[in-house]
Amino acid sequence: MTFRVDKGLIAEHNNSKLKDVQEDYDALANKLARNNVNIDDLTAKAQAFEIAVPSWGTGTGGTRFARFPGTGEPRNIFEKLEDCAVINDLSQCTSRVSPHFPWDKVDDFAGLKETSDSLNLSWDSINSNTFQDQPGQEHSFKYGSLSNTSEKSRDLAISHNLDCIEWGKQLGSKTLTVWVGDGSNHPGQQHFQHAFERYLESMKKIYAGLPSDWELHIEHKMFEPAFYSTIIQDWGSNILAAKELGPQAKSLVDLGHHAPNVNIEMIVSRLIQFKKLGGFHFNDSKYGDDDLDSGSLHPYQQFLIFNELVDAEYRKQDGFGPNYMLDQSHNVTDPIESLMNSAESVQRSYVCALLVDRSVLSNYQLNNDAIMCSNTLKGAFNTDVSPILAMARHRNGGAIDPIETYRATNYRSEMAKLRPDDGGSRSGIV
Ligand code: RM4
Ligand code: MN
Ligand code: MN
């Protein structure tokens, strides 16, 4: 039997808060009306906002040192979907799930699709995993996958990606995301150009298997597991590869995959300009690929990224329509709580960015009025749009306070009883 959040429980919790939320909403409505902004238009946009959840984010992550598993963790894709349904029932902006293969591989994809349909969930981008060997794997990925010096290893990695496309078709996905850890750990270990040539040759074979209505997203990452050089280490190599492959290939920006202090919003702008922005993996980071909860450290950076995205939407930029997804690793929190918080955090950045008066900003920019440009953005960022987010969830049938309502379901302790540890692997990010 699949667990669903009781609608009566959501209503009960919402009813106890609605009066306060309405008061705050009305106060914000008046404030926004002074700038000719209609709050209900913003709420409608917040209601339509969607961000996908990574299947692997529902398990507890870990580090190279240890993993401290939580209780009642999902043990397979069906249980991960059950967790995702809870997140979406409460948040009402996460109806898509992004799977990772072979972690989430099943024998019966039609059955998996039936399960997701029954939970009102659909499938986002398919992620292929060629950064580890599977039991009994004939040709190893130890020295890389798509760029390996061994043709047999490369062919295996290519055919896994082609399989991912086939599985994705059965699930109704339209995107394949390729991230590889290929690279080197020692100067001189790898011939940079030859390795990149091998990578491109492999990617061309994957691109050739892409249905015409699909996109291929390439994800860059500066380091780890390769600690000296990585084949697609930054957006430069990424966009070069995407351009080499063709219009269906685009770049994906994972916020934790850049050098510290890199201006990510400017990278986003460049990718938009050249029709190469495929999507995002949202998370936050202090040092590297920390995979911390979105907006937990750098909410202004997240807002500035959305400022670029909303600007592109406002200008109706040709070819613009990136996928939004979370990609986090939860070490000390209940993953469901982190994912709900993060979805709200990203949605908040989006709504705040909608508050920027684009024609006012443009005038300040043309007049080189730097302080007022900055204040225009800061004004939007500093607006507390919490009542809009709460109301959007309420109007969509979700929870005004997702975490409080989630805790009242006792879901985790129920799952602890129903999902005894079977000793299997939970999450790939360890
Ligand atoms: C990588 C990268 C990929 C994700 C894996 C699990 O660092 O972020 O998106 O698929 O981790
Ligand atoms: Mn990622
Ligand atoms: Mn990552």
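Both counts, for ligands and for their atoms, begin at 1 and track the order of listing.
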Enumerate the atoms of ligand 1 whose separation from the nearest heavy atom of [X] is less than 4.0 angstrom.
X: Asp289; result: 7 (O)
X: Lys221; result: 7 (O)
X: Asp327; result: 2 (C), 3 (C), 4 (C), 8 (O), 9 (O)
X: His281; result: 9 (O)
X: Asp254; result: 8 (O)

Pair [X]-[Y], side-chain donor/acceptor within less than 3.5 Å:
X: Thr71; Y: Arg419; result: no
X: Gln132; Y: Trp103; result: yes
X: Gln328; Y: Asp291; result: no
X: Trp235; Y: Ser251; result: no

Taking NZ, NE, NH1 and NH2 as the nitrogens, is one of them in Glu138 or Lys152 under 4.0 Å from a carboxylate oxygen of the other?
->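 Not counted as a salt bridge, because no side-chain N and carboxylate O are separated by less than 4.0 Å.
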Compute the minimum heavy-atom distance from His257 to ligand 1 and say whether it is under 4.0 Å.
-> yes
Ring-face cation of Lys378 near Tyr300 (centre distance under 6.0 Å, axis angle within 45°) |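 Ring-cation test returns yes.
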Within the structure, does His100 bring an N/O atom to less than 3.5 angstrom of an N/O atom in ligand 1?
->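 Yes, at least one N or O pair falls under 3.5 Å.
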Report yes if Asn127 has an N/O atom closer than 3.5 Å to an N/O atom of ligand 1; otherwise report no.
-> no
According to the interplanar angle, ranging from 0 to 90°, do the rings of Phe109 and Trp167 count as parallel (below 30°), tilted (30 to 60°) or perpendicular (above 60°)?
-> parallel
Excluding waters, which protein N, O or S atoms are within less than 2.8 Å of the Mn ion (ligand 3)?
->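 Atoms qualifying: His257 NE2, Asp289 OD1, Asp289 OD2.
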Got a donor-acceptor contact below 3.5 angstrom from the Thr43 side chain to the Ile39 backbone?
->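 Yes.
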Output, in order, the C-alpha distance, side-chain angles, deciding distance and verdict of ring pair (Phe, Tyr, Trp, His ring centres under 6.0 Å) for Phe280 and Phe306.
-> CA-CA 11 Å; Phe280 286 90; Phe306 269 95; 7.0 Å; no
Option of least heavy-atom distance to atom 2 (C) of ligand 1 (set: Gln132, Met325, Glu219) |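 Among Gln132, Met325, Glu219, the closest heavy atom to atom 2 (C) of ligand 1 comes from Glu219.
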Those residues at least two apart in sequence (or on a different chain) that pass salt bridge (charged side-chain N to carboxylate O under 4.0 Å, His left out) with Lys250 are Glu215
